[in-house]
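Below: the structure, in structure tokens.
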Amino acid sequence: MSKPSLPQGTRDFSAETVHKRNYILSTIKQVFELYGFQPLETPAMENLETLMGKYGEEGDRLIFKILNNGLNDPKNTDKAKAGFEKVLEGKNSPLLTERALKYDLTIPFARYVAMNHGILTFPFKRYQIQPVWRADRPQKGRYREFTQCDADIVGSNALMNELDLTNIYHDVFNKLGLKEYTLKINNRKILLALAESCGGEHLLTDITIAIDKLDKIGIDKVKIELEQRGLNEAQIKSIETYLGINGTNAEKLISITQLLGVNDNAKNGIEELTWITQQSTTANIEIDFTLARGLNYYTGSIFEVKAPETVQMGSIGGGGRYDNLTELFGVAGIPGVGISFGVDRIFDVLEELNLFPANAQLGTQVIFFNLGESESLYAYSIMQDVRKNGISAELYHEPVKMDKQFKFADKKKISYAVILGSKEIEEKICLVKHLKTGIQESVTIDGLSDYLKNKISTE
RNA sequence: GUGGUUGUAGCUCAGUUGGUUAGAGCACCAGAUUGUGAUUCUGGGGGUCGUGGGUUCGAGCCCCAUCAUCCACCCCA
């Protein structure tokens, strides 16, 4: 047998990592619920048909497909071969694969809303935290299995929802200690107006894909890309002017009105942006007309969250408004707006800035040293009392040299050691040693739980 | 999907133009030390050199394949 290994792009999470991830996830969850969102979970797999064609050609290629069972049954041989022929042509075939792992949380959510729109109360606010899978080539900060963390409101056009979502970002990042984040905001209607002023709505996709890369490749290369996508010099010129707008939020709104204000779509978009930035009380919101976001289903406000500039990290969250997500599943007229947190990247940022609180990684708090068979049995009964008081405790599993027991405690980052030997038992006391400072105190056995509770809470 | 990088002990790595029985530091275990973490000393366990083929008298080293890794592109979180 060969050495055990993990599939490409997947990870095991150690206790420390799980504790830290849970700290992030429970913080987000708490805020979501505070804003009236309810949880939803959907299966790991969906029917392939549900997912295909929803993420563009590239996306279809990256969906993990699940091979049907029973293909080796002789009565299925012809079907399997026919299906295989189709796959060789680059097509999918239900003869071979009917199910796939979910690729994101949005499409399964849309499917859920389409299936249940009769019984849901609108506006429907749900959050969802689950793993998704993509058959992408892994690299820095990119995995084949990763956790998405979404909140959406469907069935309402009110801009109040956008305001709520920006405040959720603010609350979450403040609770996580990431006060220097930037929430970039733009409106797809303004981009649409830009496309129209350049010659037509059909240019929207090409323009958004190109300017979405501005951050990464610079203005010159964006111009080259626009040229390759078939735009002429005058069109590129006006896009460059658009991208050059800067200043405070208020100044940007004036500039954009001068540039595109005659266009109805632009007017709407600018109105929406103005309202959101005026109502929002946080200083972290920044209008950014270069923000485009690749996903084509966005139709109104779009968001993206940047980590503080001191850390080299792409976006740690994003979202936007869409008009007709459920139309794909035959239910029209349900608009929505949503946001997403990039949990893995937030993890890396908090790690780099050392923002995890010490209690985010707490394991065992107290260890009882094992000083012999009868002593340890006595210690065990005392330990049970300590556990009843909500303090996580363990007893060293065998009577070995204290040196070894100290090292064990050290490795497990346990804060306190309780020494309870024959001498102490006789005197009805025990010695409690704080392992970081080496300070040792004598405590009565009856008072041990209270002593530890007090110590741990004031640490 | 395209191009490149790396893979040797638990960890970090060395290993000469292919040549005896593959090394170091850290970690681990035991003893010096049978109730207080250090230091020091002594001894010890650990490797099918990612995997499978090939070339060769001989392969950790060369060739092919494969798996994993990291990086860039594409795309995206």
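By convention in this document, chain letters (A, B, ...) are assigned in the order of the sequence lines, proteins followed by strands, and residues within each chain are numbered from 1. When reading the values below, keep in mind they use all heavy atoms of this one structure, side chains included, and skip hydrogens, waters and symmetry mates.
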Requested in this report: Scan A/Asp136 against the nucleic acid and name what it touches under 4.0 Å (heavy atoms): base, sugar-phosphate only, or nothing.
Outcome: base
Query raised in the report: Which nucleotide, B/rC76, B/rG1, B/rU36, lies nearest any side-chain atom of A/Arg134?
Result: B/rC76
Query raised in the report: Below 4.0 angstrom, N of the basic side chain to O of the carboxylate: do A/Lys20 and A/Glu16 qualify?
Result: yes
Requested in this report: Answer with yes or no after comparing the ring centroid distance for A/Tyr396 and A/Phe369 against a 6.0 Å cut-off, counting only values under it.
Outcome: no
Query - Spacing of the P atoms in B/rU66 and B/rG19 (rounded, Å) - result: 29 Å
Query raised in the report: A/Asn370 has an atom CG; how far is it from atom C1' of B/rU34, in whole Å?
Result: 14 Å
Requested in this report: Using whole Å, report how far CD of A/Glu145 lies from C1' of B/rA68.
Outcome: 17 Å
Query raised in the report: When we call it a touch if two heavy atoms are under 4.0 Å apart, what does A/Gln405 touch: a base, just sugar-phosphate, or nothing?
Result: nothing
Query raised in the report: Using purine N1 to pyrimidine N3 plus N6-O4 or O6-N4 for Watson-Crick, or N1-O2 and O6-N3 for G-U wobble, both under 3.5 Å, which nucleotide pairs with B/rA65?
Result: B/rU51
Report task. Verify the contact: side-chain N or O of A/Lys404 to OP1 or OP2 of B/rA30, cut-off strictly under 4.0 Å; return yes or no. Result -> yes
Report task. May I ask you to decide whether A/Arg111 forms a salt bridge with A/Glu46, counting only side-chain N to carboxylate O separations under 4.0 Å? Result -> yes
Query raised in the report: Taking the six-membered ring where the residue is Trp, are the ring centres of A/Tyr181 and A/Tyr169 under 6.0 Å apart?
Result: no
Query raised in the report: B/rG3, B/rC75, B/rU36: which one has an atom nearest the side-chain heavy atoms of A/Ile419?
Result: B/rU36
Query - Sugar-phosphate only, base, or nothing, as touched by A/Ser315 at under 4.0 Å among non-hydrogen atoms - result: sugar-phosphate
Query raised in the report: What distance, rounded to whole Å, do you find between the two C1' atoms, one in B/rC61 and one in B/rA14?
Result: 14 Å
**Report entry** Gap in Å between the two P atoms, one belonging to B/rC28 and one to B/rA38, rounded
**Finding:** 10 Å
Report task. Spell out yes or no: do the side chain of A/Asp403 and the base of B/rG37 have one donor N/O and one acceptor N/O closer than 3.5 Å? Result -> no
Query raised in the report: Is the shortest distance from a Lys or Arg side-chain nitrogen in A/Asp104 or A/Arg134 to a carboxylate oxygen in the other one below 4.0 Å?
Result: no
**Report entry** Nearest-Å distance once atom P is located in both B/rG15 and B/rA24
**Finding:** 15 Å
Report task. Just call it for A/Gly318: base, sugar-phosphate, or nothing, with non-hydrogen atoms closer than 4.0 Å on any strand. Result -> nothing
Report task. Report the distance from atom OH of A/Tyr396 to atom P of B/rG37, rounded to the nearest whole Å. Result -> 16 Å
Report task. Give none if B/rC26 has no partner; otherwise give the nucleotide forming a Watson-Crick or G-U wobble pair with it, both distances under 3.5 Å. Result -> B/rG10
Report task. For B/rG37, take OP1 and OP2 only and decide whether either is under 4.0 Å from a side-chain N or O of A/Lys411. Result -> no
Query raised in the report: Below 4.0 angstrom from OP1 or OP2 of B/rC75, is there any side-chain N or O of A/Lys213?
Result: yes
Query - Rounded C1' spacing from B/rA9 to B/rA27 in Å - result: 11 Å
Query raised in the report: For atom P, what is the distance between B/rG45 and B/rC13, given to the nearest Å?
Result: 26 Å
Report task. Answer with base, sugar-phosphate or nothing: what part of the nucleic acid does A/Phe369 contact at a heavy-atom distance below 4.0 Å? Result -> nothing
Report task. Scan every strand shown for a Watson-Crick or G-U wobble partner of B/rU21, both distances under 3.5 Å, and answer none if you come up empty. Result -> none
Query raised in the report: Which part of the nucleic acid, if any, lies within reach of A/Gly141 when heavy atoms closer than 4.0 Å are counted: base, sugar-phosphate only, or nothing?
Result: base
Requested in this report: Examine the base of B/rC75 for any acceptor or donor lying under 3.5 Å from a partner atom in the side chain of A/Arg142, and report the outcome as yes or no.
Outcome: yes
Query raised in the report: When you compare B/rG7 with B/rC71, how far apart are their C1' atoms, in angstrom units rounded to a whole number?
Result: 16 Å
Query raised in the report: Got A/Ser301 and A/Glu272 here, is their nearest side-chain heavy-atom distance under 4.5 Å?
Result: yes
Query raised in the report: Is A/Glu225 paired with A/Arg229 through a side-chain N to carboxylate O contact shorter than 4.0 Å?
Result: yes
Query raised in the report: Checking only heavy atoms, does the side chain of A/Lys433 share a donor-acceptor pair with the base of B/rG37 at less than 3.5 Å?
Result: yes
Query raised in the report: Which one, B/rG35, B/rA77, B/rU69, comes nearest to the side chain of A/Met402?
Result: B/rG35
Query - Touch class at under 4.0 angstrom, heavy-atom based, for A/Leu6 against every strand present - result: sugar-phosphate
Query raised in the report: On a whole-Å scale, what distance lies between the C1' atoms belonging to B/rA30 and B/rG23?
Result: 23 Å
Report task. Tell me what A/Gln8 touches on the nucleic acid: a base, only sugar-phosphate, or nothing, going by heavy atoms under 4.0 Å. Result -> sugar-phosphate
Report task. Using only heavy-atom distances, decide whether a donor-acceptor pair under 3.5 angstrom links the side-chain of A/Glu424 to the base of B/rG35. Result -> yes
